[in-house]
There are 4 protein chains.
Amino acid sequence: MPVLGKTRKEVLTEFRMEELLEAARKLFAEKGFHGATVDKIADAAGVAKGTVYLYYRSKRAIYWAALERGIAAMIEEVQTQVDAEETLEGKIRAFITIKLCYFERNRDFFKIYISEFGSAFTHPVQIRKRFGDLYLRQARVLEALLREGIKRKAIRSIRADTAALAISDLTRGIITQRLLGWSKGGVESDIRFIFDLVWKGIAAP
Amino acid sequence: MPVLGKTRKEVLTEFRMEELLEAARKLFAEKGFHGATVDKIADAAGVAKGTVYLYYRSKRAIYWAALERGIAAMIEEVQTQVDAEETLEGKIRAFITIKLCYFERNRDFFKIYISEFGSAFTHPVQIRKRFGDLYLRQARVLEALLREGIKRKAIRSIRADTAALAISDLTRGIITQRLLGWSKGGVESDIRFIFDLVWKGIAAP
Amino acid sequence: MPVLGKTRKEVLTEFRMEELLEAARKLFAEKGFHGATVDKIADAAGVAKGTVYLYYRSKRAIYWAALERGIAAMIEEVQTQVDAEETLEGKIRAFITIKLCYFERNRDFFKIYISEFGSAFTHPVQIRKRFGDLYLRQARVLEALLREGIKRKAIRSIRADTAALAISDLTRGIITQRLLGWSKGGVESDIRFIFDLVWKGIAAP
Amino acid sequence: MPVLGKTRKEVLTEFRMEELLEAARKLFAEKGFHGATVDKIADAAGVAKGTVYLYYRSKRAIYWAALERGIAAMIEEVQTQVDAEETLEGKIRAFITIKLCYFERNRDFFKIYISEFGSAFTHPVQIRKRFGDLYLRQARVLEALLREGIKRKAIRSIRADTAALAISDLTRGIITQRLLGWSKGGVESDIRFIFDLVWKGIAAP
DNA sequence: TATGAATGAGAGTTCATTCAT
DNA sequence: CATGAATGAACTCTCATTCAT
């Protein structure tokens, strides 16, 4: 009997998938794709090995689900917060802030995210493309902002796509530094640092 | 019989290690750490599998050797060129330029380098630390420059260590974009882009 | 409420078993015992996997049921037609003809039948014996004919049991050839071929 | 240093392959393809599991090697003995005799052989074809004899290809009966039975 | 009665590492 | 010093069977 548009079965399925995803996320983050075994994922999720395959077609599929889910959630959060800001400056600052905060809150996910980055070159083309698309999608949120700023002469005339990726790189980089314990400053300080660098770097004279 | 301070044996050993390293670099770059098998590395180097273990203690050891060797060579090249420049601006530009060119010339190495970055979080602490030290060493070349610039008031008062890492991130990022085919501009254009962003971002007002 | 000696429940049970058998027969024929999964059998029969086990104790049990059922039906058909013939020659010809036609009509069953033959040696003794009994039962229909023929001097003095099996082998062989596309002749031609060979081979001089 | 055209390595390789084949043959015969595990084959051959894969690419490959090897040896033996006979009658009798004796001597092989027969319909087309070719090859030895006999009017005008397969079926059938303990007669008696049936069945009037 | 989610033993295969030659 | 055959632990994935609902 469907309740709220979902049958009992669907709810259970969703629950199991989420449970498995959570366990997988933790393990992938801790040990990387190869280090995490399906056995351990099943164990961590509290189910038998075979059960994993009732919900995901392969180990890779779980990995992808974790990755895609995380990026999608991040994009959504970023987009929402950027939209909530009124000034261009505020929007760009929000972009940096939210990404940084999101990753701080989802460290496990960030580790998978960054690891996939590292594998970008060794994966088959189609997998690489799939991740690329995902990654570029979030960069494009920023790109649109930059383009608007350039049009309004608030930002000097630069390649908006490259700049967007560069800002993403900076943000990603600072998070890496934080997680590795290389950055001594607080989050606030790090955000301010990145933003200042970027804003001074791209603002119209 | 020692020649130039090296015995015949030492020369041969060095030669074999180099040969193996080259083969390994190519394979690690192409297939990643897990995808590259010792069998294939031995094959590519033209020796038997067992021979590999006469020169390196493990597969990981080869990987590390490839990584360390590459980073050391890069640092050296960067240092030399930075020293050759006279102005602060020139030195910073050189830092970016040389790194970018070095990686363009040594794509195989870059792929390993970037991949290790991705694994930074899944490795045991001591391995992570070892890579960190290596990575930070090159950043410190830049950090010293920035510190000097700040002292001379050519650069505004920023955290030199964080800034150095940020500039490294930017450089690494643009190379990634280039290798993935995301950057449409030429090398010159990319260098100029990064440098402008950085210089405007950090220069004293 | 019993109807025609069967309760409603019994009718339903029989119906389900038949339905499952049909589905199983098709799958076993197509993929062999190991290739056919209980999942697919259940699917093909339009029931859930668990339901299968309400009607059959195991996958093997379904297989056996399919096999026994098929052989029993064949024996019945053969016996009926043989009885309908009047001459010895006619009876033997009928034996060959009916078997061949039966298998032509029930190719799925034949594939299982022939496959079980192949496994005859790898099965545990009791299973082997069970199949043997089944197989020998049909041969005995023929054996009886031969024995009668020998007594009446229409057939030369041969070992009736061995001859019966030999004729069965010939018949089985020709069907195999037909199903594998090795026999170019029509059914009629194949029947005539076998019968001539056999009749000339066993007839009294 | 090559000795007798074979290097030490080649001899060792051949030895291991033979050793594995023997172990595999026994297990396949006893348990069938699915029942025999690579683990057990390795065990029986006295090597580790991984070693098996140094000599054969897959479990299937071992199976095929066993099958092909056995059939080839049989064909050779049959051909040699058939050639040694002078009369047509003698040749046909030799064909039956040698096959029967070969299988009596190589029971393990026969079990695999017969089992493959059973799987003929469930295997992919190319595998089926491969076995078919192998099987037909031995039948063709006989076919040539029959064709010659027909030309010389010693044999009545029959389809030589179908007859050859039929005689093969008879031979195979009698061996099956023997191995299953259904045939009470001695080898001699069985051979005579088959030959008489066949010869009377095909001889010109 | 019917379901299908859950199980977990067990399959084939790979590969870093060792060691006798 | 060089070899490469041998190892065996570890991997992912399958599927017959069970059992709570």
Novice: Whole-Å distance between dT7(E) C1' and D39(A) CG?
Specialist: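 Taking CG of D39(A) and C1' of dT7(E), I get 13 Å after rounding.
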Novice: Nearest to the side chain of V38(D), which nucleotide is it out of dG12(E), dT3(F), dT7(F)?
Specialist: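 Taking heavy atoms from C-beta onward, the closest nucleotide is dG12(E).
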Novice: Check the distance between dC11(F)'s C1' and I62(A)'s CD1 and give it to me in whole angstrom.
Specialist: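 From I62(A) CD1 to dC11(F) C1': 14 Å.
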Novice: Out of dT12(F), dA16(F), dT3(F), which nucleotide sits closest to the side chain of L54(B)?
Specialist: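 For L54(B), the side-chain atoms sit closest to dT3(F).
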Novice: Tell me whether Y55(B) contacts the main-chain N or O of I62(B) through its side chain, where contact means a donor paired with an acceptor under 3.5 Å.
Specialist: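 No: the side chain of Y55(B) does not pair with the backbone of I62(B).
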Novice: Ignoring backbone atoms, test whether Y56(B) places a side-chain nitrogen or oxygen under 4.0 Å from the OP1 or OP2 oxygen of dT17(E).
Specialist: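 No.
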Novice: Scan every strand shown for a Watson-Crick or G-U wobble partner of dT14(E), both distances under 3.5 Å, and answer none if you come up empty.
Specialist: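 Across any shown strand, dT14(E) pairs with dA9(F).
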Novice: Over how many whole Å does the gap from H34(A) atom NE2 to dT14(E) atom P extend?
Specialist: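 After rounding, the gap between these two atoms is 14 Å.
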Novice: For E14(A) and dA5(E), what is the distance between atoms CD and P respectively, to the nearest whole Å?
Specialist: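 Distance check: E14(A) CD to dA5(E) P gives 15 Å.
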Novice: Pick the closest DNA chain F nucleotide for Y55(B) and for A36(C) by heavy atoms, then say which residue is nearer the 5' end.
Specialist: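 Comparing both residues, the 5'-ward one is Y55(B).
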Novice: Return yes if some donor-acceptor pair links the side-chain N/O of S58(B) with the main-chain N/O of A61(B) below 3.5 Å, else return no.
Specialist: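 Side chain of S58(B) to backbone of A61(B), a donor-acceptor pair under 3.5 Å: yes, one is there.
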Novice: So which protein N/O to nucleotides 18-21 of chain F N/O distances come out below 3.5 Å?
Specialist:
none

Novice: Base, sugar-phosphate or nothing for K9(A)? Non-hydrogen atoms, less than 4.0 Å.
Specialist: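 Sugar-phosphate only.
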Novice: Counting just side-chain N and O atoms, does T37(B) come under 4.0 Å of either OP1 or OP2 of dC15(E)?
Specialist: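 Indeed not, no polar side-chain atom of T37(B) lies that close.
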Novice: Rounded to the Å, how far apart are R60(B) CZ and dT17(E) P?
Specialist: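 The answer, rounded to whole Å, is 10 Å.
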Novice: Please report the distance, rounded to the nearest Å, between NZ in K40(D) and C1' in dG8(F).
Specialist: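 One finds 18 Å between C1' of dG8(F) and NZ of K40(D), rounded.
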Novice: Would you say R16(B) places a side-chain N or O within less than 4.0 Å of OP1 or OP2 belonging to dC1(F)?
Specialist: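 No, because none of the side-chain N or O atoms of R16(B) sits under 4.0 Å from OP1 or OP2 of dC1(F).
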Novice: Is there side-chain contact between S115(D) and I112(D), with at least one heavy-atom pair below 4.5 Å?
Specialist: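 In short, these two side chains do not touch, never coming nearer than 4.5 Å.
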Novice: Would you kindly check if the NZ (Lys) or CZ (Arg) of R107(B) is within the cone defined by 45 degrees around the ring axis of F110(B) and under 6.0 Å from the six-membered ring centre?
Specialist: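 So R107(B) doesn't make the cation-pi contact.
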Novice: Once rounded to the nearest 0.5 Å, what's the spacing between atom CD of E68(B) and atom CG of D133(B)?
Specialist: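 Here the interatomic distance stands at 10.0 Å.
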Novice: Check whether any side-chain nitrogen or oxygen of T51(B) sits under 4.0 Å from OP1 or OP2 of dT3(F), and answer yes or no.
Specialist: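 Yes, within the criterion.
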Novice: Just call it for T13(D): base, sugar-phosphate, or nothing, with non-hydrogen atoms closer than 4.0 Å on any strand.
Specialist: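 Nothing: the residue T13(D), judged by heavy atoms under 4.0 Å, touches no strand.
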Novice: Can you tell me the distance, in whole Å, between the CG atom of L12(A) and the P atom of dG4(E)?
Specialist: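 Atom-to-atom, L12(A) to dG4(E), this comes out as 13 Å.
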Novice: Would you list the atom pairs, donor with acceptor, under 3.5 Å between side chains in residues 24-44 of chain B and any protein atom, with sequence neighbours excluded?
Specialist:
| residue | atom | partner | partner atom | Å |
| --- | --- | --- | --- | --- |
| H34(B) | ND1 | H34(A) | ND1 | 3.1 |
| T37(B) | OG1 | K40(B) | N | 3.2 |
| D39(B) | OD2 | K49(B) | NZ | 3.4 |

Novice: Rounded off to whole Å, could you give me the CD-to-P distance for the E19(C) and dA2(E) pair?
Specialist: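 About 10 Å, once rounded to whole Å.
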Novice: Go ahead and name the base partner of dT21(F); Watson-Crick or wobble counts if both distances stay under 3.5 Å, otherwise write none.
Specialist: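 Looking at the geometry, dT21(F) pairs with dA2(E).
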Novice: Should we say atom CZ of R57(D) is surrounded by more than 12 heavy atoms from elsewhere, each under 6.0 Å from it?
Specialist: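 Not more than 12 within 6.0 Å, no.
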Novice: Hey, which sits more toward the 5' end of DNA chain F by its nearest nucleotide, K59(C) or K59(A)?
Specialist: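 Looking at DNA chain F, the more 5' nearest nucleotide goes with K59(A).
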Novice: Are the charged groups of E18(D) and R69(D) less than 4.0 angstrom apart, N to O?
Specialist: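 Salt bridge present between E18(D) and R69(D).
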Novice: Would you kindly compare V47(C) and V47(A) by the position of their nearest DNA chain E nucleotide and give the one closer to the 5′ end?
Specialist: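 The answer here is V47(C).
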Novice: Report the nucleotide, chosen from dT1(E), dT17(F), dG8(F), that has the shortest atom-to-atom distance to any side-chain atom of A48(D).
Specialist: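 Looking only at heavy atoms from C-beta outward on A48(D), the closest nucleotide is dG8(F).
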